**Q** 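The structure's right below; bear with me while I get my questions together.
Everything numeric in this text was worked out from a predicted model, so none of it was measured. Chain letters run A, B, ... following the sequence lines, proteins first and then strands; every chain starts at 1.
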Protein chains: 2
Amino acid sequence: MDQTAAAQDELAFLAAYDASVYARPSVAVDVALLTVARGSLQTLLVQRAGQPQQGRWALPGGFVAIDESLDAAAARVLAAKAGLEDVFSEQLYTFGEPGRDPRTRVISVVYFALVEPGRLERAVEARGDRQLALATLEVAANGRVRGVRAVGPGGAELPLAFDHAAILATAVERVRGKLDYAPIGFELLPGAFTLLELRRVHEAVLGRPLNKDSFRRKVIDRGLVEPTGDRATGLGHRPPELYRFARPAEADR
Amino acid sequence: MDQTAAAQDELAFLAAYDASVYARPSVAVDVALLTVARGSLQTLLVQRAGQPQQGRWALPGGFVAIDESLDAAAARVLAAKAGLEDVFSEQLYTFGEPGRDPRTRVISVVYFALVEPGRLERAVEARGDRQLALATLEVAANGRVRGVRAVGPGGAELPLAFDHAAILATAVERVRGKLDYAPIGFELLPGAFTLLELRRVHEAVLGRPLNKDSFRRKVIDRGLVEPTGDRATGLGHRPPELYRFARPAEADR
DNA sequence: CCACTTAGATGCCTAATGCATTTATGCTCC
DNA sequence: GGAGCATAAATGCATTAGGCATCTAAGTGG
């Protein structure tokens with residue numbers, strides 16, 4: 001039994017070693033950049049200019065440089081494709097099925113990023129790039145996320161390249177999961193906002209309505225937000241208090 | 001502004017493209033194989049035979065073959081190093097800091113795996129390998145995981161190689177997080193077990209005591225377990241009911 | 001056969017949440 | 001400029017989940 005195990009070990013080691021020496025996969029970073037505008041999740045897509053999958057829409061991405069950290073590569077991609085810097089970004093998952101890119105073996109470390117819609121719209125506009133689109137994500141879900149479709153500004157569906165539909169579904173699941181315990185709206189709203197706006201963001205991310213009063217109580221009782229003292233006027237009704245996100249009191253966390 | 005942005009884009013693309021063509025990183029898979037025995041988390045470590053970090057202890061790992069999926073690579077590593085097949089395993093995080101391995105750029109896709117302690121102990125014993133150890137994880141935490149130490153069977157600390165201490169800390173955090181909503185104990189216990197055993201597993205993973213009655217109610221009310229009808233005797237007190245994990249009634253999920 | 005130990009059920013208290021009600025207040029329309 | 005409208009924001013109540021204490025059950029081992 002010992003000898004058998006040792007032999008197996010040896011064989012497996014050699015198989016893996018040879019493969020790694022003679023053919024290394026390419027490593028890329030893709031970024032699922034999400035925002036919430038007009039009550040729904042949106043994401044930034046880039047239309048593929050060349051083959052394969054020409055004309056289809058892909059997440060912004062790029063190869064990882066040999067001396068560049070993964071986080072830095074994600075930041076670089078965001079700066080290069082969307083002109084955005086200092087964006088909240090976090091590693092999501094690594095996709096590496098052998099056949100996902102027909103050209104060669106590409107292992108893609110995917111990040112998701114969150115940004116306030118105003119910033120993203122301005123950045124896309126400044127770029128004036130026809131191959132750049134801010135697409136609305138239609139999420140099919142019953143409990144878990146079943147799939148996503150991307151719909152362009154004109155209302156037409158944008159066909160997604162490679163396995164990017166699966167990647168976006170994973171990103172939506174992660175953002176939904178984080179919403180329960182992390183102050184994510186932080187990244188998706190300007191400095192001051194009303195509780196209604198915050199709730200609308202949460203509802204758009206979760207894809208379901210939330211109870212107004214429970215939401216208010218939770219968010220205030222947990223000290224996630226604090227009033228600025230100002231109110232938003234010109235709305236045609238009682239002006240709501242404006243809030244800002246409170247730096248969490250990191251007492252015992 | 002358009003031209004500037006386009007030029008930036010072009011430059012960034014070329015920089016990334018050149019780098020990827022001329023030097024590709026190596027891609028490895030490491031596995032944090034966790035179990036719970038004697039009331040604490042344990043993990044399987046391999047002592048490094050060669051330089052660098054000779055004599056230090058590392059997670060079992062290996063390079064990803066060019067036509068092999070990441071999941072398959074993780075399964076292969078587990079089979080080769082621990083002789084284990086059909087183990088619960090899930091992708092954890094990808095570690096890719098440029099300096100983490102002094103030899104060359106290695107990007108490591110890390111999986112965590114859970115296995116019943118009996119199986120793991122038998123597998124390690126069958127191998128009879130001096131360079132293989134089942135180490136106890138000492139987790140420093142106050143709310144979040146602050147760090148981990150690995151302690152060998154003899155009670156001596158096993159110094160960890162590379163960034164593997166950080167990797168194990170990430171694995172512990174993930175397992176703790178999953179415990180709240182996923183039936184993880186499933187993978188760490190034999191087919192039949194008492195509620196006390198299940199609670200001890202949860203307590204070991206979380207590193208804190210749990211309320212006995214609340215735990216019982218939650219786990220039964222949510223239908224996570226079902227009684228087998230048998231009882232465990234010979235314990236010196238009232239024999240507890242034996243339970244098995246219930247396949248969740250996937251009604252609306 | 002009695003003491004010990006853990007199992008397992010029951011009840012109570014508190015906190016969190018959903019839902020309904022009430023009052024506040026600026027805006028728009030006439 | 002006043003009435004009505006829409007939403008804000010506070011309050012109260014019912015339900016539920018979880019923490020805690022108590023009580024009884026039932027083998028084991030002296």
Side-chain angles (χ1 to χ4, degrees), chain A residues 38-39 143 176 179-183 185 189 192-244 246 248-249 251-253, chain B residues 38-39 143 176-177 179-183 185 189-190 192-246 248 252:
Chain A
R38 281 173 299 282
R176 287 186 176 180
L179 210 54
D180 288 337
Y181 59 91
L189 285 170
F193 51 86
T194 68
L195 292 186
L196 177 61
E197 289 166 339
L198 179 60
R199 180 159 56 89
R200 293 276 181 250
V201 166
H202 279 235
E203 289 175 339
V205 170
L206 294 176
R208 63 183 170 88
L210 295 173
N211 183 276
K212 172 186 151 181
D213 301 284
S214 306
F215 184 81
R216 164 186 298 277
R217 262 183 311 204
K218 187 186 336 190
V219 95
I220 291 179
D221 291 354
R222 292 190 185 170
L224 297 181
V225 300
E226 57 191 20
T228 63
D230 295 329
R231 289 167 173 275
T233 56
L235 294 170
H237 55 80
R238 172 172 172 175
E241 181 81 41
L242 284 172
Y243 291 82
R244 72 171 74 90
D252 57 338
R253 288 214 118 196
Chain B
R38 282 173 298 283
R176 287 186 176 180
L179 210 53
D180 287 336
Y181 59 91
L189 285 170
F193 51 87
T194 69
L195 291 186
L196 177 60
E197 288 167 340
L198 180 60
R199 180 158 56 89
R200 293 276 180 250
V201 166
H202 279 236
E203 288 175 340
V205 169
L206 294 176
R208 63 184 170 87
L210 294 173
N211 182 275
K212 169 188 151 181
D213 301 283
S214 307
F215 185 81
R216 164 186 297 276
R217 262 183 312 204
K218 188 189 334 194
V219 95
I220 290 179
D221 291 354
R222 293 191 183 170
L224 297 180
V225 300
E226 57 191 20
T228 63
D230 295 330
R231 289 168 172 275
T233 57
L235 295 169
H237 54 81
R238 171 171 173 174
E241 180 80 39
L242 285 172
Y243 290 81
R244 73 171 74 91
F245 282 96
D252 58 337

**Q** side-chain hydrogen bond (donor to acceptor under 3.5 Å, both in side chains) with B/R244: which residues, sequence neighbours excluded?
**A** B/E226
**Q** Earliest and latest nucleotide of DNA chain C, 5' to 3', sitting under 4.0 Å from a non-hydrogen atom of chain A?
**A** C/dT17 to C/dC27
**Q** For B/D230, what residues pass the side-chain hydrogen bond (donor to acceptor under 3.5 Å, both in side chains) criterion, not counting sequence neighbours?
**A** none
**Q** Give the ring-plane orientation class for A/F215 versus A/H202, where under 30° counts as parallel, over 60° as perpendicular and anything between as tilted.
**A** perpendicular
**Q** Classify the nucleic acid contact of A/L196 as base, sugar-phosphate or nothing, counting any heavy atom under 4.0 Å across all strands shown.
**A** sugar-phosphate
**Q** For a quick check, with a 4.0 angstrom heavy-atom cut-off, what is the B/S/- contact string for nucleotides 21-30 of chain D, read 5' to 3'?
**A** B---BBBS--
**Q** Does B/R217 contact D/dG19 through a side-chain donor or acceptor facing the base, at a distance under 3.5 Å?
**A** yes
**Q** I need the CZ-P distance between B/F215 and D/dC20, as an integer number of Å.
**A** 16 Å
**Q** Without decimals, in angstroms, what is the distance between A/E241 CD and D/dT7 C1'?
**A** 15 Å
**Q** Tell me every residue that passes side-chain contact (heavy atoms from CB on, under 4.5 Å) with B/P190, counting only those two or more places apart in sequence or in another chain.
**A** B/E116
**Q** Would you work out how much the helix from C/dC1-D/dG30 to C/dC30-D/dG1 bends between its ends, with each end axis defined by five base pairs, to 10 degrees?
**A** 10°
**Q** For B/R217, what residues pass the salt bridge (charged side-chain N to carboxylate O under 4.0 Å, His left out) criterion, not counting sequence neighbours?
**A** none
**Q** Starting at atom NZ of B/K218, determine the distance to atom P of D/dT16, rounded to an integer number of angstrom.
**A** 18 Å
**Q** Just how far is it from atom CG of B/L210 to atom NZ of B/K218, taken to the nearest 0.5 Å?
**A** 7.5 Å
**Q** Who passes side-chain hydrogen bond (donor to acceptor under 3.5 Å, both in side chains) against A/E203, sequence neighbours left out?
**A** A/R199, A/R200
**Q** Output all residues satisfying side-chain hydrogen bond (donor to acceptor under 3.5 Å, both in side chains) with A/T228, sequence neighbours left out; order by chain, then residue number.
**A** none
**Q** List for me each residue that meets side-chain contact (heavy atoms from CB on, under 4.5 Å) alongside A/P239, sequence neighbours excluded, and say none if there are none.
**A** A/R231, A/T233
**Q** Would one find a side-chain N or O of B/N211 under 4.0 angstrom from OP1 or OP2 of D/dC20?
**A** yes
**Q** Please report the distance, rounded to the nearest Å, between CG in A/L198 and C1' in D/dA9.
**A** 16 Å
**Q** Go through the structure and list residues passing salt bridge (charged side-chain N to carboxylate O under 4.0 Å, His left out) with B/R38, not counting sequence neighbours.
**A** B/E121
**Q** Only counting residues at least two apart or in another chain, list the ones meeting side-chain contact (heavy atoms from CB on, under 4.5 Å) with B/D213.
**A** B/N211
